Amino acid sequence: MKVLVTGGSGFLGAALVEALRGRGDEVVATGRDERRLRKRLPAGVTCVAWDPLEGPPPAAALSGVDAVVNLAGEPVEKGRWTKAKKARIRESRVAGTRNLVAGMLAADPKPRALVSASAIGYYGDRKQQILYEESTPAGDFLAEVCAAWEAEAWNARAGGIRTAVARIGIVLGRGGGAYPRLAKPFRFFFGGTIGQGYGWMSWIHVDDVIGILLHLLDKDLSGAFNLTAPNPVSNAEFSKTLASVLRRPCYAMVPAVALRLMLGEFATVVTSSTRVKPLRTEASGYAFKHPHLRAALQSLEA
Ligand SMILES: NC(=O)c1ccc[n+]([C@@H]2O[C@H](COP(=O)([O-])OP(=O)(O)OC[C@H]3O[C@@H](n4cnc5c(N)ncnc54)[C@H](OP(=O)(O)O)[C@@H]3O)[C@@H](O)[C@H]2O)c1
């Protein structure tokens, strides 16, 4: 299969490219900076410069491609959420996906499938409610971005391309995503639960993110899929387990307001209570490699 990965220089993009190459697929990767792509990715990957805001991808990116995985987007976990940053978070995803889908629909032949990233930010802060793929979206900034991002992806389905949306949870992996920032206070001996620790954290090991993206590419699956482990945990359990795996203390009650001071508006990502179950992902036959938190964390810290 020939696969185009947008955001190929990113944390998940580079891991997916490696997995695709490892099983013998042909890969085209896009990023805004071709040199950065070449530096990050193994030889044999076709690297094409494309800024998702500038218009559809160049023909070289889509030529002969069977399927596309859309992972490009301004990082949410880095930097303060200023007005300009929030505009980049939104537009790189919403206008970026619109341009990608326009390019896919205009290609001849069209790619057969699109797997497009979204995030569990779609569900927002929902306290104890258990959230499935059919649950309604919230109304905060990230939820609105996710809903608009997904709406652009669904236009590919309307144009006859099989489309799966991957609502990704809190990814536990080395070298990217939220985990290094979550683990940092514990490594420096001042980690603790957030507030009472009642909030739910829907985590997933990076190997399962890549495993599910490949599963969505390979199987005839459409619609939204939650990319979260089947066993979400409370923040108290997450913090105690992380502290124990890192052999560090776990203090009670880091006030949410202190986190806001440290992380800015990004703190909403870690202070929101989002209890997600991967109902459609499991029903589609995907078997999780890391269903339990302790073993998932141990595999990262081994
Ligand atoms: N990792 C997680 O924990 C997580 C959780 C939920 C959802 N997701 C979603 O999954 C996708 C991939 O995540 P990731 O962790 O791999 O992200 P990442 O490491 O930040 O990579 C993002 C990719 O997008 C490109 N990019 C960055 N800023 C951009 C901008 N302003 N306009 C266009 N392209 C831009 C980057 O390439 P260039 O800078 O070279 O163009 C890079 O290849 C993202 O959309 C993210 O929101 C990730």
Side-chain angles (χ1 to χ4, degrees), residues 4-19 28-41 45 47-55 57 61 68-79 81-82 84-100 115-123 141-143 145-146 148-150 152-153 165-183 201-210 212-213 216 224-229 266 268-270 272 274 276 278 296 300:
L4 164 64
V5 179
T6 77
S9 56
F11 166 53
L12 297 179
L16 177 66
V17 168
E18 198 184 311
V28 183
T30 61
R32 289 167 301 171
D33 183 336
E34 196 181 322
R35 271 211 343 221
R36 187 161 53 220
L37 271 178
R38 285 195 193 291
K39 240 170 98 177
R40 183 85 201 259
L41 300 177
V45 174
C47 296
V48 178
W50 174 54
D51 182 338
L53 286 178
E54 303 271 280
V68 177
V69 183
N70 180 28
L71 296 172
E74 173 79 16
V76 289
E77 69 282 356
K78 289 179 201 148
W81 285 12
T82 59
K85 170 86 177 174
K86 283 167 87 168
R88 286 199 302 277
I89 288 175
R90 189 179 195 285
E91 285 316 294
S92 60
R93 289 174 172 77
V94 180
T97 303
R98 185 180 310 140
N99 286 330
L100 172 67
V115 177
S116 197
S118 180
I120 59 164
Y122 177 89
Y123 304 112
F141 168 69
L142 273 186
V145 169
C146 291
W149 188 13
E150 293 186 10
E152 296 297 340
V165 161
R167 290 191 190 133
I168 305 171
I170 300 171
V171 180
L172 306 183
R174 289 195 211 99
Y179 181 62
R181 295 191 77 174
L182 289 173
M201 296 180 73
S202 296
W203 61 276
I204 182 167
H205 191 289
V206 63
D207 289 352
D208 279 316
V209 176
I210 303 306
I212 299 169
L213 292 176
L216 294 176
F225 293 85
N226 288 334
L227 273 61
T228 57
F266 169 67
T268 49
V269 174
V270 277
S272 289
T274 312
V276 178
L300 294 173

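Heavy-atom basis, side chains included; hydrogens, waters and symmetry copies ignored. We're numbering straight along the sequence, starting at 1. Quick caveat, the model's predicted, so the values are computed rather than measured. We count ligands from 1, going down the list as the structure has it; atoms in each ligand are counted the same way.
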Go through ligand 1 atom by atom and flag the ones less than 4.0 Å from a non-hydrogen atom of Gly177.
1 (N), 3 (O)
Side-chain donor/acceptor of Arg90 to backbone N/O of Trp149, under 3.5 Å
no
Need the ligand 1 atom indices (1-based, order shown) with element for anything under 4.0 Å from a heavy-atom of Ile168.
5 (C), 6 (C), 7 (C), 10 (O)
Distance-only, no hydrogens or angles: does the Arg174 side chain make a donor-acceptor pair with backbone N or O of Leu300 under 3.5 Å?
yes
Can you name the atoms of ligand 1, numbered from 1 with element, that are less than 4.0 Å from a heavy atom of Pro52?
33 (C)
Tell me, which protein residue and heavy-atom name are nearest atom 4 (C) of ligand 1, and how many Å apart are they?
Val171 CG2, 3.9 Å
Polar side-chain atom of Ser118 near backbone of Val165 as donor-acceptor pair, under 3.5 Å
no
Output yes when a side-chain donor or acceptor of Asp51 lies under 3.5 Å from a complementary backbone atom of Arg32, and no otherwise.
no
Which residue owns the protein heavy atom closest to atom 19 (O) of ligand 1, what's the atom, and how far is it?
Phe11 N, 2.8 Å
With a cut-off of 4.0 Å, which atoms of ligand 1 are near a heavy atom of Ala119?
6 (C), 7 (C)
What one should report as the nearest heavy-atom pair of Val45 and Ala29 is CG1-CB, 4.0 Å
Are any side-chain N or O atoms of Trp50 and backbone N or O atoms of Gly55, one a donor and one an acceptor, separated by less than 3.5 Å?
yes
Part of Arg88 with heavy atoms under 4.0 Å of ligand 1, whether side chain, backbone, both or neither:
neither
Is the backbone N or O of Leu71 less than 3.5 Å from a side-chain atom of Thr6, with the two atoms forming a donor-acceptor pair by type?
yes
To which of Arg40, Glu54, Arg36, Glu91 does the heavy atom nearest atom 39 (O) of ligand 1 belong?
Arg36
Short list, please: which atoms of ligand 1 are under 4.0 Å from a heavy atom of Pro75?
20 (O), 27 (C), 28 (N)
Looking only at heavy atoms of Arg93, does any of them come nearer than 4.0 Å to an atom of ligand 1?
yes
of all protein heavy atoms, closest to atom 31 (N) of ligand 1 is Glu74 OE1, 2.9 Å
Atom 17 (O) of ligand 1: protein heavy atom closer than 4.0 Å?
no
Looking only at protein heavy atoms, which one is nearest to atom 22 (C) of ligand 1, and what is the separation?
Gly73 O, 3.4 Å
Considering non-hydrogen atoms of the protein only, which is the closest contact for atom 13 (O) of ligand 1, and what is the distance?
Leu12 CD1, 3.7 Å
Keeping Lys85 on the side-chain end and Lys78 on the backbone end, is there a donor-acceptor pair under 3.5 Å?
yes
Could you check Ile170, Thr274, Val276 and say which one makes a side-chain contact (heavy atoms from CB on, under 4.5 Å) with Met201?
Ile170
Under 4.0 Å from one or more heavy atoms of Gly169, ligand 1 contributes atoms 5 (C), 6 (C)
For atom 21 (O) of ligand 1, closest protein heavy-atom neighbour
Gly10 CA, 3.3 Å
Check for me whether Trp149 has a heavy atom closer than 4.0 Å to any atom of ligand 1.
yes
among protein heavy atoms, the one nearest atom 34 (N) of ligand 1 is Arg32 NE, 3.7 Å
Shortest protein contact, atom 12 (C) of ligand 1 (heavy atom only)
Leu71 O, 3.2 Å
Indicate yes or no: does Glu150 engage Arg167 in a salt bridge with an N to O separation below 4.0 Å.
yes
Please list, in number order, the atoms of ligand 1 under 4.0 Å from a heavy atom of Gly31.
41 (O)
For Ser9, the ligand 1 atoms whose distance to one of its heavy atoms is below 4.0 Å
36 (C), 37 (O), 38 (P), 40 (O), 42 (C), 43 (O)
Considering only heavy atoms from C-beta outward, does the side chain of Val76 approach that of Val145 to under 4.5 Å?
no
Check against side-chain hydrogen bond (donor to acceptor under 3.5 Å, both in side chains), Thr97 and Asn70:
CA-CA 8 Å; Thr97 303; Asn70 180 28; 3.0 Å; yes
Report yes or no: does Ser118 have a heavy atom closer than 4.0 Å to ligand 1?
yes
Just so I know, are the side chains of Leu53 and Arg88 near enough to count as touching, which here means a heavy-atom distance under 4.5 Å?
no
